[in-house]
Amino acid sequence: MKNVLFVASECSPFIKTGGLADVIGSLPQALKANERIDVQVILPLYDEISDDWKTQMDLYATIDVPLGWRNQEARLYKIVNNQITYYFISNDYYFSRKGVYGYYDDGERFVFFSRAVIEALKHLEQKPDILHSHDWQAGMAVALAKIIQPIKGLKTVFTIHNLKYQGIMPIETFDDFFQLPAEHIGGMEWHGMLNCLKSALFHADKITTVSPSYAEEIKDPYYGEGLESILLERARDLVGILNGIDVKEYNPLTDPALLVKYRSSRVRKIENKMRLQEKFGLPINGEKPLYIMITRLDEQKGLHLVQHILDEFLQEDVQFIILGTGDEAFEVYFDEVANNYPEKVVSLLTFNEELARQLYASADFLIMPSKFEPCGLAQLLALQYKAVPIVRETGGLKDTVHPFNEITGEGNGFSFTHYNAHDLLNVLRYSLTIFHTPELWATLIKNVNKSQFSWRKSAQEYMELYESLAGNVFKEV
Ligand code: ADP
């Protein structure tokens, strides 16, 4: 049996700010179905994690974490949930704060986390064969595993969930944090700065990202975020494996958040919509098409396109609800639109999992016109709750949403190619035409109902990747 340690900065159900948490929460479960593999997960212990969870954790070890001239103590907590062992690294100075990210010293916080993971390895119940880090916050763990070699022959995998965030700091922090020989600067430096994500790309045995299309796109300057040359260099070790969703957890037939549960009944789905219309003071009418967005309010999500054409689209007989938090300029904008169109628009500027599920269950359409999208989970959740996604053809959106074709009757959504506001408007109007054409709408919904994005196939691809590496582990040991 091979042992894999996931290193990440968030994980459902403990702590979530976005899709990363969904993946770290569900992929280990899917892998575990295969008895050749055991997965453990290690995370920071944030204040934000609820006391319900904290009271179930056991103090497992106390470890000294060297961070340059500092020596910080960390406590290692352990909890077993759904047969997966989770470890949490606790340090009041770095993690006893409100929220998860957004501090001036986030770089140092997650370098500390990564360094603490390396120290924690010796203490874990199961020694990992493979350390699998996710995103920049866990990137230095890959580099340090290679440089310090806490476990002989330990293999490393690094998954890019979003290339835009890299954990960049002044190069002086190399001496400040590590006290390593200068020969290691090269692997960690990028354009004169210390770069956590680049460090992982340089050192990892294998690199994955979360959709085949994004794996191709990031080798190009438009999507490469300045790292395209190193991704090209490592192209032989880079693979795109599509994210899945936990179809048991997100199941409209059993989801406790839903007011009316359903499998594929449109009538029951519409009841959800009417309850939601009532809850938020919209005219109650099951026939009115409801468009939603559930998203971080970040320009990555194509919000500038939405801003450009929403007024025009709202001249149609539609309703629109946005659930999201993020950039203040977008928050102000969506509140303004909601004020201008009280009969049509609701703006919910909060992070609320239960509400998100109720929205997916109520919506006819989910709008997701991202500028780039490594995989995207919102469109998969929309399909899972039988709402039709409208997306830009990029990254994982392109791999999961196929445009409806009236002639062949194929396709599970709507899409447009160029990052252009009027292309979005055109496709929104087209979606409305289909909505009002019963035979075509019925065909589209049939395709939506058939869309399946469980982890089964992708978990198998991760398994094969691990086995290709772990074979080497046995040779070396
Ligand atoms: P990203 O990881 O880039 O934020 P994804 O589409 O991959 O985007 O994943 C977003 C996840 O976060 C989905 O599960 C989505 O439902 C959830 N989400 C986003 N914003 C909110 C919010 N305001 N409230 C509740 N859930 C949200």
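The figures here come from the full heavy-atom set of this structure, side chains too, leaving out hydrogens, waters and symmetry mates. Order of listing sets the numbers, starting from 1, for every ligand and every atom in it.
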Peer 1: Give the residue and atom name of whichever protein heavy atom lies nearest to atom 15 (C) of ligand 1, and the separation in Å to one decimal.
Peer 2: Y360 OH, 3.5 Å
Peer 1: Please list the nearest protein heavy atom to atom 22 (C) of ligand 1 with its residue and the distance rounded to 0.1 Å.
Peer 2: F351 CD1, 3.5 Å
Peer 1: If you take the nearest heavy atom of each of R357, K16, M368, R296, which one is closest to atom 4 (O) of ligand 1?
Peer 2: R296
Peer 1: Do the side chains of R392 and E373 get close enough for a salt bridge, i.e. N-O under 4.0 angstrom?
Peer 2: no
Peer 1: Evaluate the ring planes of F365 and F414, with Trp represented by its six-membered ring, and classify them as parallel (under 30°), tilted (30 to 60°) or perpendicular (over 60°).
Peer 2: tilted
Peer 1: Output yes when R97 and D47 qualify as a salt bridge under the 4.0 Å nitrogen-oxygen rule, no when they do not.
Peer 2: no
Peer 1: Using a 4.0 Å heavy-atom threshold (strictly under), name the region of K301 that reaches ligand 1: side chain, backbone, both or neither.
Peer 2: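 Answer for K301: side chain.
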Peer 1: Distance under 4.0 Å to a non-hydrogen atom of G324: what atoms of ligand 1 satisfy this?
Peer 2: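 The list of qualifying atoms is 23 (N).
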Peer 1: So between L380, N243, D22, V23, whose heavy atom ends up nearest atom 13 (C) of ligand 1?
Peer 2: D22
Peer 1: Is it true that the NZ or CZ of R109 lies under 6.0 Å from the centre of F95's six-membered ring and within 45 degrees of the ring axis?
Peer 2: no
Peer 1: Is the closest basic N to carboxylate O distance between R115 and E108 below 4.0 Å?
Peer 2: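 Not counted as a salt bridge, because no side-chain N and carboxylate O are separated by less than 4.0 Å.
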Peer 1: Is L377 touching ligand 1 with its side chain, its backbone, both, or neither, if touching means heavy atoms under 4.0 Å apart?
Peer 2: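 Answer for L377: both.
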Peer 1: Regarding E48 and K98, does a basic nitrogen lie under 4.0 Å from an acidic carboxylate oxygen?
Peer 2: no
Peer 1: Looking only at protein heavy atoms, which one is nearest to atom 25 (C) of ligand 1, and how far off is it?
Peer 2: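 Nearest protein contact, heavy atoms only, for atom 25 (C) of ligand 1 is N352 O, 3.3 Å.
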Peer 1: Indicate yes or no: does K288 engage D317 in a salt bridge with an N to O separation below 4.0 Å.
Peer 2: yes
Peer 1: So, is N162 polar-close to ligand 1, with some N/O to N/O distance under 3.5 Å?
Peer 2: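 In this structure, N162 places no N or O atom under 3.5 Å from an N or O of ligand 1.
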Peer 1: Pick one of side chain, backbone, both or neither for how T295 approaches ligand 1, counting any non-hydrogen atom pair under 4.0 Å.
Peer 2: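 T295 to ligand 1: backbone contact only, side chain stays beyond 4.0 Å.
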Peer 1: Determine whether the side chain, the backbone, both or neither of A356 has a heavy atom under 4.0 Å from any heavy atom of ligand 1.
Peer 2: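 Near ligand 1, A356 shows its side chain, while the N, CA, C and O stay back.
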Peer 1: Heavy-atom contact check, 4.0 Å cutoff: does C375 meet ligand 1?
Peer 2: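 Per 4.0 Å heavy-atom rule, C375 does not contact ligand 1.
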Peer 1: Applying the side-chain contact (heavy atoms from CB on, under 4.5 Å) test to F404, which of L440, V388, V448 qualifies?
Peer 2: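 Answer after filtering L440, V388, V448: L440.
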Peer 1: Is there at least one pair of N or O atoms, one from A378 and one from ligand 1, spaced under 3.5 Å apart?
Peer 2: yes
Peer 1: So does K273 pair up with D364, basic N to acidic O under 4.0 Å?
Peer 2: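 So K273 pairs with D364 through a salt bridge.
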Peer 1: What protein heavy atom sits nearest atom 10 (C) of ligand 1, and how far away is it?
Peer 2: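 Checked against all protein heavy atoms, atom 10 (C) of ligand 1 sits closest to G19 N, 3.6 Å.
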Peer 1: Between F320 and Y291, does the ring pair (Phe, Tyr, Trp, His ring centres under 6.0 Å) criterion hold? Intermediate values first, please.
Peer 2: CA-CA 5 Å; F320 173 75; Y291 290 75; 8.0 Å; no
Peer 1: Is it true that T350 lies under 4.0 Å from ligand 1, counting heavy atoms only?
Peer 2: yes
